[in-house]
Participant: 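Before anything else, here's the structure in question.
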Amino acid sequence: MSAASQELMLSIRGVETFYGKIQALRGVDVDVHAGEIVTLIGANGAGKSTLMMTICGSPQARSGKILYRGDDITHLPTHDIMSRSIAQSPEGRRIFSRMTVMENLQMGAILEDPSTFNADLEKVFHLFPRLKERRSQRGGTLSGGEQQMLAIGRALMSRPKLLLLDEPSLGLAPLIVKQIFSAIGELNRTEGLTVFLVEQNAFHALRLAHRGYVMVNGSITMSGTGMELLSREEVRSAYLEGGAH
Amino acid sequence: MATTNQPTSSNRPEGAELESEARRAAMQGVPPFNAEPAKRSRLAQSFREAAITAAIVAGLTLFFFAFRTNIATGGLDLAFRPDLWLIWIAIAFVARFLLSYFVFATESPITGFFKRTKSERSSLPIGKILGIVLLLVALTLPFLLDVFLPRQNRYLLDLAILILTYVMLGWGLNIVVGLAGLLDLGYVAFYAVGAYSFALLSINFDLGFWVCLPMAGLFAALWGIMLGFPVLRLRGDYLAIVTLAFGEIIRVVLLNWYDFTGGPNGLLGIPKPTLFGLEFSRGENGFAEYFGLEYNPIQRFIFLYYIILALALLTNFVTMRMRKLPVGRAWEALREDEIACRALGINTVNVKLTAFATGAMFGGFAGSFFATRQGFISPESFTFIESAIILAIVVLGGLGSQLGVVIASVVMIGGIELLRNLTVLDAVFGAGFDPTQYRMLIFGLAMVAIMVWKPRGLISTRVPSVYYKKKKAIGADLVSQGEGH
Ligand SMILES: Nc1ncnc2c1ncn2[C@@H]1O[C@H](COP(=O)(O)OP(=O)(O)OP(=O)(O)O)[C@@H](O)[C@H]1O
Ligand SMILES: [Mg+2]
């Protein structure tokens, strides 16, 4: 698992984020190298989604720095950040429920050169054949798992270099979780896609990821390779009790 | 590790797909009915339906067929003439009975046809045909009226112009409310801006209609952007309140800025549109003289009719095209989920602004048309009730449906107008009854009835703007409705 090159793709330094007076992130440091899958695990309310959204500039960090391929993106507006080949599949999927699967996928490619649309579409359909079957169905009528596939597929339509995924396994059957994770692994292996993955499903996430971080109460408390973290007693007791299926 | 996993498609359990397909197929058939007892009740049911129909016909046609007014010495004489009336009742009874018994399988009442969810029906042939028919009628209307109703020609043409103005306003507002999902209660403000821009430009700078039309649209769009900026952070109820206030502010300013807008007296002497410099007037250099026709004031109405028809069709065309462009798609996405839009890198500020500006621009066009048609404008014409009527047209027609807006405009504007003339109701409610006084009451009841009967608007199915190989209609169950979801 040393396939990752050393180029630093995303570097988060001392980031603090507030919701009004409530401090959600207390000085977070995270590094993601090009070609890596990095996962962030932590309890409910630890601040994982907040970190994800802070990377996207909504909300913006009050202090600290976020560098993407060497550029400071901390205070850029969201649409600027997202047009730098970063794609996100936000928590709760947030697909456009009254638009069809095709229209959703088109939305993902909305900032892209239309000439690559068909190729990208084929790629997504290859990755998730189920979406191809359901292409003219309304997003809101898809099953939960299909919606998750659509959310990831939509993010991939923008040809990202860095993919941010917030809890792709939320509410899904173990079999679908496996499918989604193997799709992420495949993208990483075949295309060198860099993935930053927030997960509750620590066992699967740490097995898939090259490296992992553990977040508690808005700060990073542990980091290491996926295997290292999996073998740590604190991690096992806090996040894997009965969860290793 | 992840590498040991199989590619996604083979991870599905064997046969799961087949099973779900079979289940879906099984659910599409007609539920099995108990054939034997149905046969008997079908006859009785048909009789009952026929009787009800006959009763309705009897009630409806009582005054048209059963009575006749003859001119007699000293006034009118009322003659009772039951034969024609009874013939009609009999025809209705027999026809309904035959229809009920042979055509409508009465186990499923005819209304079931309309309530059926049409998700799996391919495309919308009825809607398409209706659209084409309506378009043809609209294109030939002045001639149809001339041939079939020459006496009421002018009045009906005027009504058609009014209806088309509302169709256009409805289509313009549909961009903001139906597509972008931004509830705008002050749309009439842009209508007013368009009307006053044209009036002031033409009076102060002596410019004609065709020069002012694009300028009026531009001004209105500018106001749309100006309104858009401060309210971009707002959504839903809050946005509605701010736009409502905006509409009132514009009206109050128009009312009080006496030197500029003429205040409550309004502006007079707004020029009429010309056809390449030809005026629609009697005498030299008029349209009639130039083409060697006999002068007839109706010519100007026909010309106005075609202008508003062209403007309305332009609105429709632009909207349809916009829906297929990224910006139109972004409007719809914005209506669905703003956070997801931002996550996809869409600049939601710009998208909202374009929606506001485009909608406002068409409102402005309609406004300058209104000014030129009336020749006189005052703040009276731009009260909140106008915004409410336009919004009601959009909602009753079915949010986002272009055809629905047309039908709703005809029903609402035509209906209000019709109620002015229903002296027939005198016979029901007594001679002192003045239907115009109850106009708004009846109108309101009709709106309530439509919303109860069809909570998703008159046209409750949609055709997606993007599809893969085959176009499929979208069932009514997926269209937003008046239950707040
Ligand atoms: N919009 C908001 N306004 C105020 N507080 C918020 C907001 N969003 C999140 N928080 C708070 O910030 C903290 C971190 O929330 P966050 O959503 O980042 O948690 P999380 O780690 O993603 O949890 P989960 O695993 O349950 O998704 C929580 O205490 C939450 O209540
Ligand atoms: Mg979260």
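Proteins come first, then strands; the chains are lettered A, B, ... in the order of their sequence lines, and each starts at number 1.
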Participant: Taking C-beta and beyond as the side chain, do R329(B) and M99(A) meet within less than 4.5 Å on heavy atoms?
Facilitator: yes
Participant: Using the side chain to side chain contact (heavy atoms under 4.5 Å, CB included) rule, take R98(A) and R335(B) through it: C-alpha gap first, then chi angles, then the decisive distance, then the call.
Facilitator: CA-CA 9 Å; R98(A) 280 189 282 163; R335(B) 179 191 66 197; 3.8 Å; yes
Participant: Within the 4.5 Å heavy-atom criterion, are R94(A) and E336(B) side-chain neighbours or not?
Facilitator: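 R94(A) does not reach E336(B) side chain to side chain.
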Participant: Please identify, among M107(A), R154(A), M53(A), the residue contributing the most non-hydrogen atom pairs under 4.5 Å to chain B.
Facilitator: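 Winner by heavy-atom pair count: M107(A).
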Participant: Just checking W331(B): does its CH2 atom have more than 12 heavy atoms from other residues, nucleotides or ligands closer to it than 6.0 angstrom?
Facilitator: yes
Participant: Go through the atoms of S58(A) and report whether side chain, backbone, both or neither lie under 4.5 Å from a heavy atom of chain B.
Facilitator: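 It is the side chain, since no backbone atom gets that close.
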Participant: Report, in residue-number order, which members of residues 337-353 of chain B are under 4.5 Å from chain A by heavy-atom distance.
Facilitator: D337(B), I339(B), A340(B), C341(B), R342(B), A343(B), L344(B), G345(B), I346(B), N347(B)
